[in-house]
Amino acid sequence: MGVGELAACCLFWVVCSLPAVRCSQGDREPYYRNCVRLCERQNCTGAALRAFGKLQPLHMLATGWSCADDCKYNCMWATVGLYIKEGHKVPQFHGKWPFYRFLFFQEPASAVASMLNGLANYVMLSRYRAAVPFESPMYHSCISFAMVTLNAWFWSTVFHTRDTPLTEKMDYFCASSVVLYSIYLCCVRTLGLTRPWTSSLFGALLIILFASHIWYLTYVRFDYGYNMAANILIGLINLLWWLSWCLWNRALLPYVWKCMTVVVMLHGLAFLELLDFPPWLWVFDAHAVWHFSTIPVPFLFYSFLIDDSLHLLNVKSE
């Protein structure tokens with residue numbers, strides 16, 4: 001997710017579908033289940049629960065960590081220790097690797113990486129606004145795309161800080177919105193400048209499709225397989241449309257190599273997700289590595305946006 005995710009989300013389905021099976025080896029383990037049951041019975045009722053509430057740090061209370069969550073966290077590590085002691089591979093729990101919790105951050109590395117991606121996009125958005133006059137034909141579309149992207153990185157940070165059904169949905173939906181807006185941005189750049197009604201109709205169609213997508217996943221069924229297929233489709237459309245335009249205009253617009261590099265780089269970086277290894281130091285997993293690897297991309301992508309917007313402004317002036 002990010003302004004740099006102009007075409008990266010062809011493989012975003014990997015990210016979205018990793019926790020497709022929420023029941024994993026670790027949380028199916030009888031030892032883990034018994035541990036959680038005993039912990040909740042001893043610590044999460046009556047006087048013990050009231051004592052927990054009094055002693056719980058404010059930052060943990062503010063981010064919604066409950067007594068039951070603490071039981072699951074502690075029992076997870078007890079189960080991991082048992083697996084390692086007996087020579088077994090580290091298991092996943094509820095579709096995730098075990099991570100050390102830092103303060104209230106459930107997945108600290110991914111949360112920090114999401115914040116840094118958001119910061120990189122914010123910095124480059126500021127540079128874009130300083131370099132490009134608002135009279136440029138693509139100015140408002142690029143600014144709107146940046147806002148959609150910043151929103152997606154915000155929810156990515158929230159989701160990795162605290163994984164709940166709500167934050168999971170917001171992370172997935174906002175990431176999909178980046179891809180859809182990228183497709184719309186491509187439509188505006190390739191067709192809408194000469195035929196504005198085309199991009200307006202296409203934008204309305206995308207809004208309807210996005211609303212239907214959210215409605216189905218929210219009120220019918222949160223289907224990870226369907227979500228994956230939908231993101232594959234829109235990702236491929238996004239990739240092929242932008243790449244085709246770049247190749248077609250590479251002689252006329254020499255700066256489009258930046259856009260092509262972003263497209264190819266982000267799709268390549270997304271394959272890092274396929275490594276899916278247990279967290280190094282119980283902090284850095286493949287998903288965190290992928291998020292860190294995308295931090296430099298907005299700098300190149302915004303450079304393309306600035307060059308292209310100034311070029312369009314010159315064409316308009318002439």
Regarding [X] and [Y], do their side chains bring together a donor and an acceptor under 3.5 Å, going by distance alone?
{"X": "S141", "Y": "S144", "value": "no"}
{"X": "Q106", "Y": "Y73", "value": "no"}
{"X": "H94", "Y": "D163", "value": "no"}
{"X": "Y255", "Y": "S303", "value": "no"}

Is there any salt bridge (charged side-chain N to carboxylate O under 4.0 Å, His left out) pair reaching into residues 53-82, and which pairs are they, with sequence neighbours excluded?
D69-R162, D70-R101
Quick one: does [X]'s side chain have a donor or acceptor within less than 3.5 Å of a partner on [Y]'s backbone?
{"X": "T261", "Y": "W257", "result": "yes"}
{"X": "T167", "Y": "T164", "result": "yes"}
{"X": "N249", "Y": "W245", "result": "yes"}
{"X": "D308", "Y": "F304", "result": "no"}
{"X": "N117", "Y": "H291", "result": "yes"}
{"X": "K258", "Y": "Y302", "result": "no"}
{"X": "E40", "Y": "T45", "result": "no"}

Mind checking what makes disulfide (SG to SG under 2.5 Å) contact with C71, not counting sequence neighbours?
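For C71, the residues satisfying disulfide (SG to SG under 2.5 Å) (neighbours in sequence not counted) are C39.
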[X] to [Y] - nearest heavy-atom pair and separation:
{"X": "A120", "Y": "I295", "value": "CB-O, 3.7 Å"}
{"X": "V178", "Y": "F145", "value": "O-CE1, 3.5 Å"}
{"X": "M138", "Y": "S309", "value": "CB-OG, 4.2 Å"}
{"X": "L193", "Y": "R189", "value": "CD1-NH1, 3.6 Å"}
{"X": "C246", "Y": "V256", "value": "O-CG2, 3.5 Å"}
{"X": "Y139", "Y": "P133", "value": "CD1-O, 3.5 Å"}

Rounded distance [0.5 Å steps], [atom1] in [X] versus [atom2] in [Y]:
{"X": "M76", "Y": "F99", "atom1": "CE", "atom2": "CZ", "result": "9.0 Å"}
{"X": "T157", "Y": "D171", "atom1": "OG1", "atom2": "CG", "result": "9.0 Å"}
{"X": "N227", "Y": "Y216", "atom1": "CG", "atom2": "OH", "result": "10.5 Å"}
{"X": "N238", "Y": "L233", "atom1": "CG", "atom2": "CG", "result": "11.0 Å"}
{"X": "R129", "Y": "C142", "atom1": "CZ", "atom2": "SG", "result": "12.5 Å"}

Check the pair F202 / W241 against ring pair (Phe, Tyr, Trp, His ring centres under 6.0 Å), numbers first and verdict last.
CA-CA 14 Å; F202 187 70; W241 198 343; 5.7 Å; yes
Apply side chain to side chain contact (heavy atoms under 4.5 Å, CB included) to Y83 and E29, showing your working.
CA-CA 10 Å; Y83 266 64; E29 177 63 47; 2.7 Å; yes
Determine, using the 4.5 Å side-chain heavy-atom cutoff (strictly less than), whether M170 and W215 are members of one ILVMFWY cluster.
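Not linked; separate clusters.
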Sub-6.0 Å ring centroid separation between Y184 and W242
no
When Ile, Leu, Val, Met, Phe, Trp and Tyr are grouped by side-chain heavy atoms lying under 4.5 Å apart, directly or through other members, which residues fall in the same group as L201?
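Joined to L201, directly or through intermediates: W197.
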Please determine whether side chain to side chain contact (heavy atoms under 4.5 Å, CB included) holds for the pair F159 and E168, giving the CA-CA distance in whole Å, both sets of side-chain angles, and the decisive distance to 0.1 Å.
CA-CA 6 Å; F159 172 62; E168 179 187 47; 3.6 Å; yes
Would I234 and N231 satisfy side chain to side chain contact (heavy atoms under 4.5 Å, CB included), going step by step from the backbone distance to the final call?
CA-CA 5 Å; I234 63 175; N231 279 283; 3.9 Å; yes
Would you find more than 12 non-hydrogen atoms of other residues, nucleotides or ligands less than 6.0 Å from Y226 atom OH?
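Yes, OH of Y226 has more than 12 neighbouring heavy atoms, counting only those of other groups under 6.0 Å.
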For W77, is the CH2 atom crowded, meaning more than 12 foreign heavy atoms sit under 6.0 Å from it?
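More than 12 within 6.0 Å, yes.
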If you apply the rule side chain to side chain contact (heavy atoms under 4.5 Å, CB included), what do you find for F173 with L217, and how did you get there?
CA-CA 9 Å; F173 295 160; L217 291 176; 3.5 Å; yes
Please tell me whether C75 and C35 are bridged, where bridged means their SG atoms are separated by under 2.5 Å.
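Yes, C35 links to C75 through a disulfide.
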